[in-house]
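Throughout, protein chains are lettered first and strands after them, A, B, ... in sequence-line order, and every chain is numbered starting at 1.
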There are 2 protein chains.
Amino acid sequence: MVDDDAKAGGRLPRSGCPVANALDTFGDRWTLIVIRDLVMGKRRYGELQKSPENIPSNILADRLRQLERLEVIRRVPYQERPRRYEYLLTEKGADLLPILQAVTRWSGRHIPGGWQVPERFFALTPDDLKRE
Amino acid sequence: MVDDDAKAGGRLPRSGCPVANALDTFGDRWTLIVIRDLVMGKRRYGELQKSPENIPSNILADRLRQLERLEVIRRVPYQERPRRYEYLLTEKGADLLPILQAVTRWSGRHIPGGWQVPERFFALTPDDLKRE
DNA sequence: TGCAGATACTTGCATATTGCAAGTTTCATA
DNA sequence: TATGAAACTTGCAATATGCAAGTATCTGCA
């Protein structure tokens with residue numbers, strides 16, 4: 001099993017450095033991929049699982065747990081019988097948008113062969129994600 | 001031994017997504033810590049090892065290798081007899097600054113207890129790091 | 001009644017990565 | 001010849017990742 005108290009959170013802070021603290025939240029191979037998908041409007045487990053990167057199911061479940069614990073996302077029911085949940089960004093989560101934008105810009109400039117990202121992505125603000 | 005072709009690079013791209021591509025470069029617990037220190041002016045192995053986060057020596061060596069391979073840093077000799085090297089950011093590396101700034105801002109806003117970062121850090125530009 | 005299909009996860013296990021502590025190499029200097 | 005500095009390397013235990021398959025809870029339809 002993936003340790004409940006692991007990688008993307010949970011460890012005692014390594015230092016007071018803001019960069020180090022942030023890495024304890026999303027410093028791994030998958031967390032920002034999940035955030036990216038939530039930013040792009042996905043909400044359900046099944047949708048998140050369908051990314052082109054093919055995140056393993058157990059890792060996805062683990063990361064959603066961490067992110068909920070760290071209050072980056074909220075897990076809210078969208079139906080009863082059977083009870084099912086969807087995942088929404090909190091304000092803390094929506095505020096990760098500028099990081100995704102900076103990462104995307106860097107990648108666009110320095111890593112060839114990446115997808116072309118529409119200019120309106122860079123025009124988005126965290127507030128745009130906080131509706132509903 | 002830490003696999004030469006691992007985590008911070010080397011894997012076949014998971015997708016064409018710029019975010020995913022970037023994570024294949026620095027999506028782990030340590031790489032951005034090393035970049036942070038280089039941005040802050042450190043250059044030598046010994047200096048990089050002295051961070052408050054206490055990066056394990058083998059991980060540091062591995063990350064420096066990856067970053068050099070990915071052309072984020074350059075390894076240049078600073079003395080002969082015995083030959084010793086220091087590490088400098090390339091343009092690709094210096095351009096990571098906006099990401100560090102965004103990360104630092106997010107952390108400052110959402111993770112309590114982090115160090116106070118001087119305002120002039122946010123005023124830095126990649127060009128400031130490209131001297132020499 | 002009962003069986004297929006959705007959806008959201010969980011489990012087991014092999015492989016890969018991390019982290020710790022100690023060791024190696026190459027000189028310079030005393 | 002001995003000590004020290006700097007930059008790594010090595011061995012190995014502890015963790016995390018990735019894959020494939022399994023479970024749980026219903027709905028809808030025969």
Given [options], the nucleotide with the shortest approach to the side chain of [X]:
X	options	answer
B:Tyr78	C:dT7, D:dG18, D:dA7	D:dA7
B:Trp30	C:dG19, C:dT10, D:dC19	C:dG19
A:Asn58	C:dT18, C:dT11, C:dC9	C:dT11
A:Tyr45	D:dA7, D:dG18, C:dA8	C:dA8
A:Ile59	C:dC20, C:dC9, D:dT17	D:dT17

(message) Tell me which one of A:Arg43, A:Arg74, A:Arg75 satisfies salt bridge (Lys or Arg N to Asp or Glu O under 4.0 Å) with A:Glu86.
(response)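 The salt bridge (Lys or Arg N to Asp or Glu O under 4.0 Å) with A:Glu86 is passed solely by A:Arg43 among A:Arg43, A:Arg74, A:Arg75.
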(message) Quick check on the hydrophobic clustering: are A:Tyr85 and A:Ile59 connected, directly or via other members, by side-chain heavy-atom contacts under 4.5 Å?
(response)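 Looking at the clustering, A:Ile59 is in a separate group from A:Tyr85.
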(message) When you group the ILVMFWY residues by side-chain heavy-atom contacts below 4.5 Å and let the links chain together, are B:Ile33 and B:Trp115 in the same group?
(response)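 Result: no, two separate clusters.
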(request) Sugar-phosphate atoms are those with a prime plus P, OP1 and OP2; base atoms are the rest. Using that split, label each nucleotide of nucleotides 23-30 of chain C B, S or - for protein heavy atoms under 4.0 Å, 5' to 3'. (result) ---BSS--
For atom [atom1] of [X] and atom [atom2] of [N], their distance in whole Å:
X	N	atom1	atom2	value
B:Lys42	D:dA6	NZ	C1'	16 Å
A:Gln49	C:dA6	CD	P	14 Å
A:Leu60	C:dA8	CG	P	10 Å
B:Tyr87	D:dA6	OH	P	15 Å
A:Arg29	C:dT17	CZ	P	9 Å
B:Asp28	C:dT17	CG	P	11 Å
A:Asn54	D:dT17	CG	P	17 Å
B:Arg63	D:dC8	CZ	P	16 Å

(message) Using only atom types and a distance under 3.5 Å, with no angle test, would you say the side chain of B:Trp106 pairs donor to acceptor with the backbone of A:Gly93?
(response)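 A pair under 3.5 Å: no.
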(message) Check whether B:Tyr78 forms a cation-pi arrangement with B:Arg44 (NZ or CZ under 6.0 Å from the six-membered ring centre, at most 45° off the ring normal).
(response)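 Yes, B:Arg44 sits over the ring of B:Tyr78.
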(request) Classify the side-chain pair A:Arg69/A:Gln66 by whether it contains a donor and acceptor separated by less than 3.5 Å. (result)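 Side-chain D/A pair, A:Arg69 to A:Gln66: present.
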(message) D:dC8, OP1 or OP2 - any side-chain N/O from B:Arg75 closer than 4.0 Å?
(response)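 For D:dC8, OP1 or OP2 has a side-chain N or O of B:Arg75 closer than 4.0 Å.
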(request) Looking only at non-hydrogen atoms, find the nearest pair between A:Ser15 and A:Cys17 and report the distance. (result)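 Scanning both residues completely, I find the closest heavy atoms to be OG-N, 3.0 Å.
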